[in-house]
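Every chain is numbered from 1, with letters handed out A, B, ... down the list of sequences.
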2 protein chains.
Amino acid sequence: MEFQSQKGTTERILEAAGELFAESGFQDTSIRDICARANVNLAAVNYHFRDKEGLYEAILLQSFEQIQRAYPFELTGECPEKDLEVFVRMLMFRLLGKGRPALHGKLMAAEMSSPTGALDKLCEEAIRPTHELLVGIIRAIVGEAPENDLNDLAASILGQCLFYKHAQPVIIRLRGAIPVEDHEIEALARQITSFSLAGIEKYRITHEQ
Amino acid sequence: MEFQSQKGTTERILEAAGELFAESGFQDTSIRDICARANVNLAAVNYHFRDKEGLYEAILLQSFEQIQRAYPFELTGECPEKDLEVFVRMLMFRLLGKGRPALHGKLMAAEMSSPTGALDKLCEEAIRPTHELLVGIIRAIVGEAPENDLNDLAASILGQCLFYKHAQPVIIRLRGAIPVEDHEIEALARQITSFSLAGIEKYRITHEQ
DNA sequence: TCACGTATCAAACAGGTGTTTTAATTGCTC
DNA sequence: GAGCAATTAAAACACCTGTTTGATACGTGA
């Protein structure tokens, strides 16, 4: 007889593994750590998810659905400047937000710099569409331009956002802390958007004939 | 009797380990890999450098001297816009340049997202001074401003640069390649500088009374 | 009640890691 | 050339990893 509040084994594993993968990465998280936190037997991961990679992919899939529901890119297509602000804000929440909804963003950021076997699939299913979205916004502002230039501008924006995740350990040492509260994240998103709109505008002016 | 072309054991270890640490990180590089590439006995690393961390620190120290000689931040202090361009170009070469001189930049980038025990020391001796340099340039452009705002602007610039290193595996999948030739790196540095100067100017105009 | 598929468990396995040990070898000085 | 310290070498050690095994308990339908 189980307590109703006690979730099943697979759920407990998914929960514990998600937290550990997010804070320590795939490599540095051991199955023993996961099972200890989930309060399940060591063999449970292999039984329910075949192997460690299977568990990781299950978490990636689950968290992808969660993040799209929690932080969607709801663009109007009418005002690209406003769309950029939405894009940046949602991306920042995906990277810096608290709790389960932001899990996928953090796993993606980790995957970018320390890829596992899951990166190829992740790239095509999640990263490329997001990148296309951003390039579309930029194109709506600057008009037609060489694909390479649009990619560079997109990189400038993505780089500003991802920096706060990728360089987190350094930022904490240099500045003491990292934005965590919702209003802090929103303020940062506005600052990055404003900065980027100026950069994009400068490109447009420089390259119009 | 040794061939003159055959360097000593410690030099061969430093050379092999530098390459491996740069491309695979500290964790994913094993002492056995290093010794195999350096053609030395397995025990040599522990004998000459006490342990794996000792070797890593020796490489960090050695490559720090090399990078300062190869890619110095030679700022005039007269024209902050020009100084920013120099700063960005040197930083990009440190991150994307070829061969030994760029080793330290790559190790630093890796250290930022996946810190080892060496990060604290590295932060104080290399990263913080570089950050102060950049903040100084920005302050020269916008005038006095809250420290937090200057830090945000610095983060926007550093983020754009580091993105090309931190997201390298993804960029290669999305765009096919990453800038490697000197003229490509310089062009990218000019683009980032131009973009950033516009962003900084926008901040200055928005916040002047 | 019995048998069967599912799930859990403790234990062991096979492979890799950083490090240490102990002996052999080298190179240099007296 | 003998003696001595520094270096190299092969082997083993202790630990951690993901995974598998075989036994046991559970629940369900015949």
Please tell me which of A:Leu42 and A:Tyr47 maps to the more 5' nucleotide of DNA chain C, matching each residue to the nucleotide holding its nearest heavy atom.
A:Tyr47

Which nucleotide in the set C:dT20, C:dA10, D:dT8 lies at the smallest distance from any side-chain heavy atom of A:Ala43?
C:dA10

Nearest-Å distance for atom pair NZ/C1', residues A:Lys52 and D:dT19
12 Å

Taking D:dA9, C:dT8, C:dT19 as options, the one with an atom nearest any side-chain atom of A:Asn41 is C:dT8

Measure from CZ on A:Phe49 to C1' on D:dG18 and round the result to the nearest Å.
16 Å

Starting at atom CG of B:Asn39, determine the distance to atom P of D:dT7, rounded to an integer number of angstrom.
19 Å

Between D:dA12 (P) and B:Asn46 (CG): distance, integer Å:
18 Å

Please determine whether any donor N or O and acceptor N or O are separated by less than 3.5 Å between the side chain of B:Arg32 and the base of C:dG16.
no

Looking only at side-chain atoms of B:His48, point me to the closest of D:dT8, D:dT20, C:dT20.
D:dT8

Trace of the salt bridge (charged side-chain N to carboxylate O under 4.0 Å, His left out) decision for A:Arg139 with A:Asp149
CA-CA 10 Å; A:Arg139 186 184 285 114; A:Asp149 288 9; over 6 Å; no

Are the side chains of B:Ser194 and A:Lys202 in touch, meaning some heavy atoms are under 4.5 Å apart?
yes

Using the six-membered ring of A:Phe195, assess whether NZ or CZ of A:Arg190 lies under 6.0 Å from its centre and within 45 degrees of the ring axis.
no

If I take atom CD in residue A:Gln27 and atom P in nucleotide D:dG18, what distance separates them, rounded to the nearest angstrom?
9 Å

With a 4.0 Å cutoff (strictly under), does any side-chain N or O of B:Ser30 reach OP1 or OP2 of C:dG16?
no

Nearest whole angstrom, please: distance from the P of D:dT17 to the CZ of A:Phe26.
13 Å

Measure CG/B:Asp33 against P/C:dT17 and give the value in whole Å, please.
6 Å

Mind checking if B:Thr10 touches a base, just sugar-phosphate, or nothing, with heavy atoms under 4.0 Å?
nothing

Grab the CD1-P distance between B:Ile31 and D:dA11 for me, whole Å please.
19 Å

Is it true that A:Thr193 and A:Glu85 share a donor-acceptor pair across their side chains at a distance under 3.5 Å?
no

Counting the atoms with a prime plus P, OP1 and OP2 as sugar-phosphate, which does A:Ala44 contact under 4.0 Å by heavy atoms, base, sugar-phosphate, or nothing?
nothing

Rounded to the nearest 0.5 Å, the CG atom of A:Leu134 sits from the OG atom of A:Ser196 at a distance of 9.0 Å

